[in-house]
Number of protein chains: 2
Amino acid sequence: MVHIPDRSTVPPPAPRSVPTSADVARLAGVSRATVSYVLNNTSAVRISEPTRRRVRAAAKELGYVPHAAARSLRAGHSRMVLMPAPEVPAGPLYSQFINELQWALGRLDYTVVQYGQVGLRGDEAARAWAELRPVAVLLPGGGLGPEGVAVLKRSGARAVVTMGVERIEGAHALLMNHAEVGRSAAVHLYGRGRRRIGVVMPEEPGLEAFSNPRLEGVRRALEGTDATVTVLPLAYEEESAAELAARWGELNLDSVFAYNDEYAMLLMRALQDNGVAIPGDTAIVGADDLMLGRLLRPRLTTVHLELPSGRALAELVDQAVQNDTAPPEVRQVLGAHVIPRDSS
Amino acid sequence: MVHIPDRSTVPPPAPRSVPTSADVARLAGVSRATVSYVLNNTSAVRISEPTRRRVRAAAKELGYVPHAAARSLRAGHSRMVLMPAPEVPAGPLYSQFINELQWALGRLDYTVVQYGQVGLRGDEAARAWAELRPVAVLLPGGGLGPEGVAVLKRSGARAVVTMGVERIEGAHALLMNHAEVGRSAAVHLYGRGRRRIGVVMPEEPGLEAFSNPRLEGVRRALEGTDATVTVLPLAYEEESAAELAARWGELNLDSVFAYNDEYAMLLMRALQDNGVAIPGDTAIVGADDLMLGRLLRPRLTTVHLELPSGRALAELVDQAVQNDTAPPEVRQVLGAHVIPRDSS
DNA sequence: TTGAAAGCGTTACCAC
DNA sequence: GTGGTAACGCTTTCAA
């Protein structure tokens, strides 16, 4: 005969399930309500110290961790700020900005969640985000229509903030004036007597949102002048740069705005390898003011971007969340100014 | 007398709340169950086409979006893979790896969520992550003890995978052998006749997890030889590099392993500005095989890192989730080999 | 083919 | 002070 252990003396074999507040209550010999009161330090209700201790001990013993989904379901809201992860690996400038922002929002007791994209577009993506019922959504770059914003708001998002080139109906907007980046570069080059100006356009997908406005800024700045603008597609590879440098003579340019410092470095190296003197034959201007620009010879003239501080954006989000009814705010950010160095 | 509108004829004034499946059911004139069946395409139950249409139309009209928390609460599990966001802005190599991983996990129908750190440490952080009840947790770098892993597993995480230098009890481990990076560099330099070898250690916080093992790798590779190892603290700023370069003579080194390509570029520039010939007087080896190394003159010798593919890691995660009971797997990743160029 | 109802883990209101 | 109970939004079993 098989021995069956007595249930009353032998503990059940490892309850392989996740402990709930009910388990804690059972172990502590109190009700679930009391557990909730103790663990949330509810000040409205006074619980005796011995009870508190028993509850805390039970929670610790079981390794109890509250269930965020259940909590926010009950509460009817969360403090999750959702940010779609960028589709292209972000540069150092953007990464640092995001970090700052996360930190600042954390200080305000929000939880920042970067939601990994799969390839969802526009409103489909908006619906996926809305399922998480975030209290606010931060959208780097555009790619979302007014309907998308409406979906998010209907699903309870109290603030939708876009950081991009154009504003979207219903959403707060931090307008990144990338045209200004191009404009600054163009004005600088023109002022230094350059007239045949090339503009590098990265061939890597996902960068059009920045490169197009930058080009447009150059074009507008030079409109009505005697300067010409030549578009220069360039992939971030040595071969591509070598090809471009090989036909540099026929392009007949006296200067380039190279999209950013990294493309500038790539192109500058290829030109120098081809005997083009910088800035004698051709002036080069980068953008983003990265460290590497200062390390090049000649030192790279660049357009420094003034991004909004993470703290400021965090406060904007917080305000928007608290004051749901206020009309969407549109704020110009991204100042740009040229830092003249030796390449132009 | 104030006119009170008849509730039965006047619709309630804009239900400023989030539409639920009950609202959809009401509008479509069916039960909540039917709504669920239709919207989830439940194949076990057959619903008439007209009903399906009515439900879908109602959902669309209301802008209904299911509530992920409620859904996973009911289901008892989610497909969320949680990844703590790195505390230091990540480099291009890591960013790309994360992107690939997100994409690959998305293909497997997981939702990747990068959880923003605030400053929580160790087990406290583990508890915060556990509240979200992720099905798997991916930990870049260490900073978590076995207790932390236990908390996560008890809260339902079916897989915990660390990507770091050392393994953690109970967790799958992708061991990044950063010592091998240092070893490769050291062997290379020694093979080229260099004996007085400097090793750059970034002063920026958060990089010790990589820099220490790299240094250790150099040390171990040169143990028992006639080579000496000199530690060179360096901040990622021109001034710091200039200071270091200024006392280069007294350091009496014939070579440097510069932690990575960016620090290598910084140091190389400072040395060249001080009249140190590269590689004549001093050889330099970087790491990470970034584009910029190819653009330097002399071209930078570097240690190329072979990170695991995002797809491979995604499959590991998926396996681990499906086969909960299998023992944690420990896998060596991060191959490293020197790409000799002109700086050494 | 559809509907009623239970239950996932929490918290808050209201009795005791 | 403490405990029952209802409700958050959803899925699913069972019954009609």
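Numbers restart at 1 for each chain; the letters A, B, ... are given by sequence-line order, proteins then strands.
In this view, A/Arg52 satisfies the salt bridge (Lys or Arg N to Asp or Glu O under 4.0 Å) rule with no residue, not counting sequence neighbours. For A/Ser95, there are no side-chain hydrogen bond (donor to acceptor under 3.5 Å, both in side chains) partners, not counting sequence neighbours. Take B/Thr51 and apply the side-chain hydrogen bond (donor to acceptor under 3.5 Å, both in side chains) test, not counting sequence neighbours, and it matches B/Ser48. Shown here are the side-chain hydrogen bond (donor to acceptor under 3.5 Å, both in side chains) partners of A/Ser31, two or more places apart in sequence or in another chain: A/Thr34. With sequence neighbours excluded, the residues that form a side chain to side chain contact (heavy atoms under 4.5 Å, CB included) with A/Gln322 are A/Asp318. Taking the side-chain hydrogen bond (donor to acceptor under 3.5 Å, both in side chains) definition, one finds that A/Arg331 meets it with A/Glu329, sequence neighbours left out.
Rounded to a whole Å, the CG atom of B/Leu39 is 12 Å from the C1' atom of D/dT11.
Taking only side-chain atoms of A/Thr51, from C-beta outward, the nucleotide of D/dT2, D/dA6, D/dT11 with the closest atom is D/dT2.
Under the 3.5 Å distance criterion, the side-chain polar atoms of B/Asp23 are matched with a main-chain donor or acceptor of B/Thr20. Without hydrogens or angle criteria, B/Thr42 side chain to B/Val45 main chain gives no donor-acceptor distance under 3.5 Å. Of the possible polar contacts, none joining the A/Thr162 side chain to the A/Gly164 backbone as a donor-acceptor pair under 3.5 Å is found.
Note that the first and last nucleotides of DNA chain C, 5' to 3', having any atom under 4.0 angstrom from a heavy atom of chain B are C/dT1 to C/dG9.
Heavy-atom distances under 4.0 Å link DNA chain D to A/Leu73, A/Arg74 of residues 63-76 of chain A, given in residue order. Shown for residues 123-137 of chain A: no residue has heavy atoms falling under 4.0 angstrom of DNA chain D.
Contact annotation: the side chain of B/Trp129 approaches that of B/Leu144 to within less than 4.5 Å [non-hydrogen atoms, C-beta and beyond]. Counting only heavy atoms from C-beta outward, the side chains of A/Val149 and A/Pro146 never approach each other to under 4.5 Å. Between B/His77 and B/Val135, every side-chain heavy-atom pair lies at or beyond the 4.5 Å cut-off. Looking only at side-chain heavy atoms (C-beta outward), A/Val330 and A/Leu175 come within less than 4.5 Å of each other.
Remark: B/Gln96 CD is loosely packed, at most 12 non-hydrogen atoms of other residues, nucleotides or ligands lying under 6.0 Å away.
Put simply, A/Ser48 has a side-chain N or O that comes within less than 4.0 Å of OP1 or OP2 on D/dT2. Neither OP1 nor OP2 of D/dG9 sits under 4.0 Å from any side-chain N or O of B/Thr20. Close to D/dG3, at under 4.0 Å from its OP1 or OP2, lies a side-chain N or O of A/Thr34.
Using a 4.0 Å cut-off between charged nitrogen and carboxylate oxygen, B/Arg311 and B/Glu315 count as a salt-bridge pair.
Among the heavy atoms of the strands lying under 4.0 Å from B/Ser36 is at least one base atom, whether or not backbone atoms are also near.
The C1' atoms of five pairs define one axis at each end of the helix from C/dT1-D/dA16 to C/dC16-D/dG1, and these two axes lie 50° apart (to 10°).
Mapped onto DNA chain D by nearest heavy atom, A/Arg32 and A/Arg46 fall at different nucleotides, with A/Arg46 at the one closer to the 5' end.
Pairs engaging residues 98-125 of chain A under the salt bridge (Lys or Arg N to Asp or Glu O under 4.0 Å) rule: A/Arg79-A/Asp109, A/Glu87-A/Arg121 [sequence neighbours left out].
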Close N/O contacts between protein and nucleotides 13-16 of chain D (under 3.5 Å):
residue: D/dT13; atom: O4; partner: B/Tyr37; partner atom: OH; Å: 3.2

